Amino acid sequence: MAEPTIEDYLIEQRSFPPPDGFVAKALVRDRSLYDEAERDFEAFWARQARELVTWFDDFGPTLAWDLPFAKWFVGGKLNVSYNCLDRHLEAGRGDKVAYYWEGEPGDTRTITYAELHGEVCCFANVLKSLGVQRGDRVAIYMPMIPELVVAMLACARIGAPHSVIFGGFSPDSIVDRVNDGEAKVIVTADGGWRRGKVAPLKPNVDAAVDQTPCVEHVIVVRRGENDVTMVAGRDHWYHELMDGASGDCPPAHMDSEDLLYLLYTSGTTAKPKGIMHTTGGYLTQVAFTHKYVFDLHPDDDTYWCAADIGWVTGHSYIVYGPLANGATSVIYEGTPDTPGRDRLWEIVEKYRVTQLYTAPTAIRTFMKWGEQEPQKHDLSSLRLLGTVGEPINPEAWMWYHEHIGGTRCPIVDTWWQTETGSQLVSPLPGVIATKPGSATIPLPGVFGEVVDDEGNTVEKGGGYWTLTKPWPAMLRGIYGDPERYKETYWSRFPGRYFAGDGAKIDDDGYIWFLGRVDDVMNVSGHRISTTEVESALVDHHAVAEAAVVGASDPVTGQAIVGYVILRGSVEQTPELVEEIRQHVATKIGPTARPKAVLVVPDLPKTRSGKIMRRLLRDVVEDRDLGDTTTLADASVVDEIRTRAVEAPQED
Ligand code: PRX
């Protein structure tokens, strides 16, 4: 048997079986879906595709697999916007609420499926009137307002792939993405509300459009009421175009393998990759996971994914999954601390939210703000919690479980990527016992293994997480660059998909994600995951957040350096710092004790909330900082650099 490649330090013994009250009403209560998929995964996915999606023309072969290129539901014809809208109207559910939208300043909109359908059809005709044809790409750069969903679905309706660019990105990021996708039209807004102010968007588009010769038209939604410049002939107000638009727009019959969208992954160094997702397989798997992972009861639930639609989480679990399933969802425009640090909990109470899906970085922030914030509100409507985006530390998991879930809600820790399109590893909440910090096991129809450096299967311990079979929502490639697609995902382990995560397998076959393998530290020949040391640091009662990096060390190769943010009112003293270091040794062993622990006010994160360890490594090694344009708050680095210089390096 293969040797573990990444060492296993953190032992987490707690386990939570699905609560009885939850199981009683759960959609899935036994392992039959797992067994069915195990027997014949293609037949399993074919059944899901026919049950969850409405096809204009049925498909022939379920899968054509020419590694690494997959075609799912071959020859099937469908329209994603028809599946998200029309079929619900045809079934008499037009008056059902699709979205409760909550603007940051407190304005609200309630949008039914019939209303959304009407607006989407009109906007689809607007796009056509500006010359957008099937196959043309449309860039969308918008705040979290209903028109963003309308724009995406209108594109899907006429078969024009969209490319959503996160509203926090700079003009340079817009230029790269628009040019790579050769978008003909950009849909934007004057501005959107963030932290009590209007964050302007149109000026960023203006700055970008000078360098994007492919763009013919810019459509602007009025939201922020901020002053904007409109260029005659190129720029158009959304409301003016919509005024005369017809609401009659039959959905295009698209092939199962036609492009639905491009979404660029925000690499910190390399040129962004345009990840390609197509229609049939993508819709099948996001509808499947949204239904079964969140245990969706569309008539009773009010579901809320608190991510941004600019990321894949929003694409799959605010827009396509929930709408395909006829769910009622909440969308919130702004930041969680506006006007107060209890805004999310106020929204949960107001709409009686039943499922909440957010990220570990947000949960750790809520921990730092303290449990008095959620305690101000009645959160008893919640019956399931979800997390995504990073490994969740057991400490944060337990806090979420106790202070948000009132100990009664299962937590689904969902592992996936922009590239995977859909959740792949997660518990089904009525069947699988959870363990704090583990995403548990692959979902039905998903097959993965941990392997060592040579690609041998690791049955217990740490290594590289790989997928061994294609899955319906998988990326179909990198736009315009099939070689880069092969090289990035399929070359490290022949025949397997590998996108860079470490993971370990425990005695029960549970998977524990260990972070990106580029971040794994090598201390005196021991390969230690940043995730495990970070979890041990956050386990200390004084620590709210932690980031760990391996800095070059003449003796040990790399030395572990921990950056920590202290909780609320805790005072920093040399004794406390030493205690925190020792805590890691006690919790997971002396090899993993950080050489230095630096207390910092904040940590550098990408805009999607992931810690930029590369930057922290550079700071501690006193290198050039390189590119920080994807940092949420660039000043954090200067602050950290100062502390790093001041702090004593301990043995
Ligand atoms: O490292 C894994 C981490 O996030 C990466 C994917 O990032 P992105 O494409 O931005 O998509 C985020 C939303 C799906 C993965 O390679 N990641 C995501 N979810 C988890 C996770 N790591 C551990 N546990 C998770 N639940």
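Values below: all heavy atoms of this structure, side chains included; hydrogens, waters and symmetry mates excluded. Atoms within a ligand are numbered from 1 in the order they appear, just like the ligands themselves. Because the structure is a prediction, the values reported are computed rather than measured.
Side chains of Y464 and D452: a donor-acceptor N/O pair is absent below 3.5 angstrom, by distance only. Looking only at atom types and distance, the side chain of Y264 has a donor-acceptor partner in the side chain of D180 under 3.5 Å away.
Residues passing the side-chain hydrogen bond (donor to acceptor under 3.5 Å, both in side chains) test with D337 are R195, T335, sequence neighbours excluded.
Note that R496 lies outside the cation-pi zone of F493, set by a 6.0 Å cut-off to the ring centre and a 45° limit from the axis. A cation-pi arrangement is present between K435 and Y510 under the rule of less than 6.0 angstrom and at most 45 degrees off the ring axis. For the pair R177 and F169, the cation sits on the ring face: its NZ or CZ lies under 6.0 Å from the ring centre, inside 45° of the axis.
Protein residues having at least one heavy atom under 4.0 Å from any atom of ligand 1 are V312, T313, V388, G389, E390, P391, D413, T414, W415, W416, Q417, T418, D501, F513, R516, K610, listed by chain and number.
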